[in-house]
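FYI, side chains are in, hydrogens and waters are out, and symmetry mates aren't considered; it's all heavy atoms of this structure.
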Amino acid sequence: MTTQGHHDASVGMEVLRTLDKAKTQAYHFKSIIIAGMGFFTDAYDLFSISTVAKLLGRLYYYDPALKKPGTLPPNVAAAVNGVALCGTLAGQLFFGWAGDKFGRKKVYGITLMLMIFTSVASGLSFGSSATGVMTTLCFFRFWLGFGIGGDYPLSATIMSEYSNKKTRGAFVGAVFAMQGFGILSAAAVAIILSSIFDAAFNRPAFSVDPIRSTPPQADYVWRLLFMFGAIPAAATYYYRIRMPETARYTALIAKNTEKAAKDMEKVLHVQFDAGRGSEDKSVEKAEFGLFSGEFVRRHGTQLLGCSICWFMLDVAFYSQNLFQKDVFSAVGWIPSAKNMSALEEVFRIGRAQALVALVSTVPGYWVTVALVDTIGRWIIQLQGFFFMTLCMFILTFDYYNLRGSPCPTDSSKFCGGNHLAFIAIYALTFFFANFGPNATTFIVPAELFPARLRSTCHGISAASGKAGAIVGAFGFLYASQSAHPGKQDHGYPNGIGIKKSLLILAITNFIGFFFTFLVPETKGKSLEELGRDFDDVAETAQPTREAVAERHQIASVTDLVRSSKM
């Protein structure tokens, strides 16, 4: 290795070390808000569908001959619930690759613009028939998911590369924690809209008057709900496109340490003195591709662990979120659809979901933010999977005692049992998902891998999670149906029931617990140490005595410059 090469490596490492030690500043919090609003929108858009799925069935698929409120046919329900997840998976892979290929900043604004446009378009879904409306809704929700997918690897990578190593986990976790507020807001907006429309068009329950129970004006509720998702994304678009490229991308991939230093000096109160004026601005680093044997040797097991853990987590997490309403109905917390009007049903589903989000989902995220840099990612993920498994097993094996039995006077309700305990244990699974693997599976892939593959590997890990979400969403939709003939939603085959479905979710959490042992702890380590960006510098050449002496000289000069400024 040449003397100049060692000098440039030292210059690059000086920039990166300074970033690792930079004090927490206002710009870090600004970045959390800018990136976090994207995740707020992600969660709002993905989970808002669960509050109005029943309403869509009443509006577009009511059949008087059945003498029941309309429900989405199985294929339509699967498409409406799952198409955004399919788009998200595709977006995670594409934008993850694009973030490494073209730069984080260049594609970061594109994802947000796509989310804004498709949120509005979803609410404007057009057509003269149920098929037309659902087809256009699914089309726009796929592309909405595509934009959401891009936000995962880009936001995580950008925040991790901006952060210092001492508080990096909390900063990346805080971005992801905005998802909790998105879930809560989706439920809150559903409550507000349904209350306003119900006050204006007060209608009787379905059992009293099937036709009048679903006012035509209720069609505006789900449309407005989806369109409101564009507001937080639009509010931060300007600031997102103004964010500078991360110094790590500029230094390690674009190979321009001088520009990296200048960009960071604009937003962070740090000074980079070493190496200014050098003609060669590159940083020497390890070079190997994603599909190379070298990547498999260094990071293959880590990528497998991140991907499997995220897959198992999302099978359970998205099943629970998208189908909370079915669990609430199973314990009698939400009355039978026949005993409610369409707007009352939206209100009750939204209220139940808001309560769970408020007391378990949101607190779980922020407990992780508070402790992730203290007790570490690995312990949080392991205990999260453990307690999720435990809670699911308790619900499974004590299901009938907690739920109770159908009431003699109204078989749609359940008498006896302990409904409060059932909901409390069920809510704890959300708490430990978020104070656990739902947060850590997002944080760790943004730290483990080399800079030039960081966004791609995070996208692969996240896409594995969304594959699990798709399995959970489609599978639980059918599996949660009653095993007793005649008690299924219209058009569905016999399922295995809520109890056995919860057992399957417990097993997936148990598998995630064991695959956590493939994922190393990343707390307190620099991204370059974890990604081994400079390993080939040490492995492919032994530095000469002159080079070693020069590096010591550079370090001494740098220390002298720093001390003179203090």
Side-chain angles (χ1 to χ4, degrees), residues 39 42-43 45-47 49-50 78 81-93 96 145-146 148-153 155-156 173 176-177 179-180 182-183 303-324 327 357 360-361 364-365 368 377 380-382 384-389 391-392 426 429-446 457-477 479-480 501-502 504-516 518-519:
F39 265 89
D42 295 348
D45 290 331
L46 285 178
F47 295 111
I49 188 66
S50 63
N81 282 295
V83 70
L85 299 176
C86 294
T88 302
L89 187 154
Q92 287 165 335
L93 293 174
F146 192 72
I148 289 171
D151 224 40
Y152 276 73
S155 289
F176 193 63
Q179 189 179 78
I183 295 172
L303 183 58
L304 177 66
C306 290
S307 299
I308 296 297
C309 288
W310 208 333
F311 177 90
M312 295 300 169
L313 177 276
D314 273 9
V315 169
F317 185 75
Y318 277 83
S319 296
Q320 290 171 245
N321 264 296
L322 291 174
F323 300 102
Q324 283 183 50
V327 174
S360 64
T361 304
Y365 281 115
T368 297
R377 291 76 157 140
I380 289 177
Q381 181 163 313
L382 202 66
F385 270 129
F386 174 81
F387 284 109
M388 289 172 69
T389 303
C391 290
M392 286 295 185
Y426 184 68
T429 64
F430 287 98
F431 176 81
F432 285 110
N434 297 310
F435 178 42
N438 194 39
T440 55
T441 53
F442 177 81
I443 296 170
V444 173
C457 290
H458 193 284
I460 292 172
S461 301
S464 299
K466 282 301 168 287
I470 293 167
V471 170
F474 284 88
F476 200 84
L477 186 68
S480 61
S501 297
L502 292 173
I504 292 174
L505 298 185
I507 293 171
T508 62
N509 291 326
F510 192 60
I511 295 171
F513 175 88
F514 281 101
F515 272 93
T516 298
L518 297 182
V519 182

Got a sec, which residues hit side chain to side chain contact (heavy atoms under 4.5 Å, CB included) with [X], two or more places apart in sequence or on another chain?
X: A462; value: Q92, Y152, W310, H458
X: S360; value: V356, A427, F430, F431
X: C457; value: L290, F295, L303, F449, L453
X: F385; value: C309, L313, Q381, P437, N509, F513, T516

What's the shortest heavy-atom distance between [X] and [Y], and which atoms?
X: T389; Y: A506; result: CG2-O, 3.7 Å
X: L505; Y: A316; result: CD2-CA, 3.8 Å
X: T361; Y: G180; result: CG2-CA, 4.5 Å
X: L46; Y: A84; result: CD2-CB, 3.9 Å
X: C306; Y: V444; result: SG-CG1, 4.2 Å
X: A439; Y: T368; result: CB-CG2, 3.6 Å

Note, [X] side chain near [Y] side chain (heavy atom, < 4.5 Å):
X: N81; Y: I49; result: yes
X: M312; Y: F510; result: no
X: I470; Y: C86; result: yes
X: Q179; Y: N438; result: yes

What class does the angle between the rings of F47 and F317 fall in, given that below 30° is parallel, 30 to 60° is tilted and above 60° is perpendicular? perpendicular
Got a sec, which residues hit salt bridge (charged side-chain N to carboxylate O under 4.0 Å, His left out) with D45, two or more places apart in sequence or on another chain? none
Any residue meeting ring-ring contact (aromatic ring centres under 6.0 Å, His included) with [X], in chain and number order, not counting sequence neighbours:
X: F386; value: none
X: F176; value: F39, Y365, F442
X: F515; value: none

Would you compute the distance between atom [atom1] of [X] and atom [atom2] of [Y] and round it to the nearest 0.5 angstrom?
X: I507; Y: I504; atom1: CD1; atom2: CD1; answer: 7.0 Å
X: N434; Y: I183; atom1: CG; atom2: CD1; answer: 7.0 Å
X: I308; Y: I511; atom1: CD1; atom2: CD1; answer: 9.0 Å
X: T440; Y: I380; atom1: OG1; atom2: CD1; answer: 7.5 Å

[X]: partners by side chain to side chain donor-acceptor pair (under 3.5 Å), with sequence neighbours left out:
X: T429; value: Q320
X: T441; value: none
X: T508; value: none

Salt bridge (charged side-chain N to carboxylate O under 4.0 Å, His left out) partners of residues 82-92, not counting sequence neighbours, each pair once: none
